[in-house]
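The structure under discussion appears below in the form of structure tokens.
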Amino acid sequence: MTQHDELGRIDALFADRVARGVAPSSVWGVFDRTGLVASGGHGDRGDGLAPDASTVYRIASCTKSVTAAALLALVADGRLDLDAPVTDHVPAFGAVTLPTPDSPVPTIRMLLTMSAGFPTDDPWADRQESISDADLDAVLAGGLLFDSVPGTRFAYSNLGYSLLGRVVADVTGEPYTEVASNTVLRPLGLDSTVFSAAEADGHVVVGVRPHAGMWEPLPLTGPGAFSSIGGLFSTVTDLARWGRHLASAFTDEPEAGPVSPADRRLMQQAMRVVPPSVVPGSTRATAYGFGLFVEQDDRSGPIVSHSGGYPGFSAHMRWSAEQGLGVVAFENATQAKVSAAATEALDLLLATAATSDAVTVLPATRTAQQRVTALLAAWDDRQADAVLSPNVALDEPYERRRRHVAEQVAAVGADLSAAPVEERSTAPTHLRWWLPGSSGRLRVEIRLAPLAAGLVQTLTVTAERSES
């Protein structure tokens, strides 16, 4: 399948959603390490035109990654301790009765990783954006419910991220919205990403919900004490730029920015396990980092993402940390769940990329592959000792290994002098490759020991016969 074919299928995914009445408008973008490579839009954005990469939508909880980045910038400056209790910066939280006598006061780290013990709260929190700091203090003074002891379990909490916005304001003496804009967004040139519709340069889409067979428009709320949970407006161009910037932290030459590559990698690490009930139907293990979800894919490695849902809007961004290939998408309908289409779109891209991209392994792994190939063609115990770590002979004696290799090679008529027909790797020190045979393929797999000498600690050879 060509890239053109893939992009055509992706565009059709989003066109179909408009045709089925999921939302009145839908827009998407695909990016890689170089930037936005393709985009498309369907439906009516409110002025008779289809949306494009510069059309402005609310991105809701995709904002949380910006909140996390602003906090980490303060930590890097020595102005904030991630393990400080929230009461150090939000004194009003001192009125909250904790769930058990030995419960710790939630720390900044717990709030960032959604493990402060609060109940999940989307419907309630989505209506709180514009409340004042005094109103938030009144919420705390009235007491809170807890689903778990702070620091013990994941539960998606907008309240926690609203408190982080207050932390930013307390540390800096400036409103959270100004700090996030001046510290993170403007230095990266994300000028179309703003906290107020009045500040947006492009066309701002109105959010809607279905009612009586019609689309009912909803008012746009303005900045307030809950802006740090999801207050941003943005465009496909800007959000793709943000995703590319975060993903670049995993390259040999990461992009410069207000948050160090090390801290950007920290944001995209699995910090707190997300229960399967939170992501029903997913086949990937999922965790939460700092303002971002992290999924583990067997073939593509970590996939980083976040959804955004506000009354009238749905947003999603996701990318492969290893390949830097990603998708962003917006729609303007309540509970549209554009994440489903964005996930399918990235899976389409990665399915092709996983088979066409060169395997990235260490030079030591390539050397070991060459030496193992020579060993399989003409087994010699002394050569085996030079290639394999001592555990290999202890795990299975060379005599039995030699006999097994001969049996597997004969079973498929493998050509040990041929170039591999396919390769896969799950880590720089791991490699699996297939050699052609007259009646199937021979799979060879090695994993290196953690020694600079590059010795092989695991060697498996398996015949895979052709189906008759």
Side-chain angles (χ1 to χ4, degrees), residues 32-34 244 246-255 260-270 284-285 289 294-304 319-326 350-380 382-396 398 401 405 414 416-436 441-462:
D32 63 11
R33 300 262 187 231
T34 67
R244 187 190 83 185
L246 291 172
S248 80
F250 294 96
T251 65
D252 292 336
E253 297 181 357
E255 294 180 0
S260 72
D263 281 343
R264 299 202 305 268
R265 289 192 294 270
L266 189 64
M267 291 172 63
Q268 300 170 81
Q269 298 301 302
R284 299 174 175 130
V294 184
E295 305 166 31
Q296 297 299 323
D297 183 80
D298 288 343
R299 293 199 64 182
S300 301
I303 295 176
V304 183
W319 56 87
S320 163
E322 292 184 356
Q323 299 183 40
L325 191 61
L350 292 178
T352 300
T355 58
S356 63
D357 287 356
V359 178
T360 302
V361 297
L362 292 177
T365 310
R366 283 295 178 201
T367 299
Q369 179 189 23
Q370 295 167 6
R371 298 174 75 187
V372 164
T373 299
L375 179 64
L376 298 181
W379 188 285
D380 177 85
R382 287 177 299 177
Q383 182 61 25
D385 284 340
V387 177
L388 309 174
S389 58
N391 69 279
V392 176
L394 295 172
D395 295 339
E396 185 177 22
Y398 283 163
R401 283 186 180 273
V405 168
L416 296 178
S417 65
V421 295
E422 183 179 354
E423 292 183 343
R424 295 182 191 175
S425 175
T426 59
T429 54
H430 166 265
L431 185 61
R432 182 188 305 134
W433 69 95
W434 285 261
L435 297 172
R441 306 192 305 176
L442 187 73
R443 186 180 74 196
V444 185
E445 185 166 6
I446 60 173
R447 191 176 297 276
L448 302 193
L451 308 171
L455 298 179
V456 174
Q457 64 173 321
T458 301
L459 169 62
T460 59
V461 180
T462 308

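No experiment lies behind these values; they were computed from the predicted model shown.
Side chain of Q268 to main chain of L246: a donor-acceptor pair is present (N/O by atom type, distance under 3.5 Å, no hydrogens or angles). With S425 contributing its side chain and L431 its backbone, the two residues share no donor-acceptor pair below 3.5 Å. For D297 (side chain) and S300 (main-chain N/O), a donor-acceptor pair under 3.5 Å exists by modelled atom type. Remark: the backbone N or O of P363 is paired with a side-chain donor or acceptor of T367 at under 3.5 angstrom. Without hydrogens or angle criteria, T429 side chain to L448 main chain gives no donor-acceptor distance under 3.5 Å. Under the 3.5 Å distance criterion, the side-chain polar atoms of R424 are left unmatched by any main-chain donor or acceptor of R432. Within the 3.5 Å criterion, the main-chain N or O of W379 finds no donor-acceptor partner in the side chain of Q383.
Remark: Q369 CD to I446 CD1 distance equals 6.5 Å, nearest 0.5 Å. Once rounded to the nearest 0.5 Å, the distance linking CD of E322 with CZ of F250 reads 9.0 Å. Distance CH2/W433 to CG/L442: 9.5 Å, rounded to 0.5 Å. The line from OG1 of T458 to CG of D395 is 7.5 Å long, rounded to the nearest 0.5 Å. L375 contributes atom CG, which lies 7.5 Å from atom CG of L459 (distance to the nearest 0.5 angstrom). From L325, atom CG reaches atom CZ of R244 across 13.5 Å, with rounding to the nearest 0.5 Å.
Residues R401 and V392 are in side-chain contact: their nearest non-hydrogen atoms beyond the backbone lie under 4.5 Å apart. Between R443 and V461 the shortest side-chain heavy-atom distance does not fall below 4.5 Å. Using a 4.5 Å cut-off on side-chain heavy atoms (C-beta onward), L455 and L388 make no contact. In this structure the side chain of T373 never reaches within 4.5 angstrom of the side chain of L376, judged on heavy atoms. Side-chain contact between L435 and L416: present, with at least one pair of heavy atoms (C-beta onward) separated by less than 4.5 Å.
Looking at W434 and E445, their side chains never bring a donor and an acceptor atom within 3.5 Å of each other. Defined by atom type and a distance below 3.5 Å, a donor-acceptor pair is present between the side-chain atoms of R264 and S248.
Every residue two or more places apart in sequence or in another chain that forms a salt bridge (charged side-chain N to carboxylate O under 4.0 Å, His left out) with E295 is listed here: R284, R318. Applying the salt bridge (charged side-chain N to carboxylate O under 4.0 Å, His left out) test to R441 and every residue at least two apart in sequence or in another chain returns E422, E464.
In plain terms, the two heavy atoms of P261 and A249 that are nearest each other are O-CB, 3.6 Å. In plain terms, the two heavy atoms of A418 and P436 that are nearest each other are CB-CG, 3.6 Å. Among all heavy-atom pairs drawn from V294 and P302, the shortest one is CG1-CB, 4.2 Å. A pairwise comparison of heavy atoms in W319 and A247 identifies CD1-CB, 3.7 Å as the closest pair. Residues V456 and A368 share a closest heavy-atom pair of CG2-CB, 3.8 Å.
Under a 4.0 Å N-O distance rule, the pair E423/R366 qualifies as a salt bridge.
Annotation for D385: atom CG counts as buried by contact number, over 12 foreign heavy atoms lying within 6.0 Å.
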Checklist entry - What do the steps show when you test R33 against T251 for side-chain contact (heavy atoms from CB on, under 4.5 Å), and what is the final call? => result CA-CA 9 Å; R33 300 262 187 231; T251 65; 3.4 Å; yes

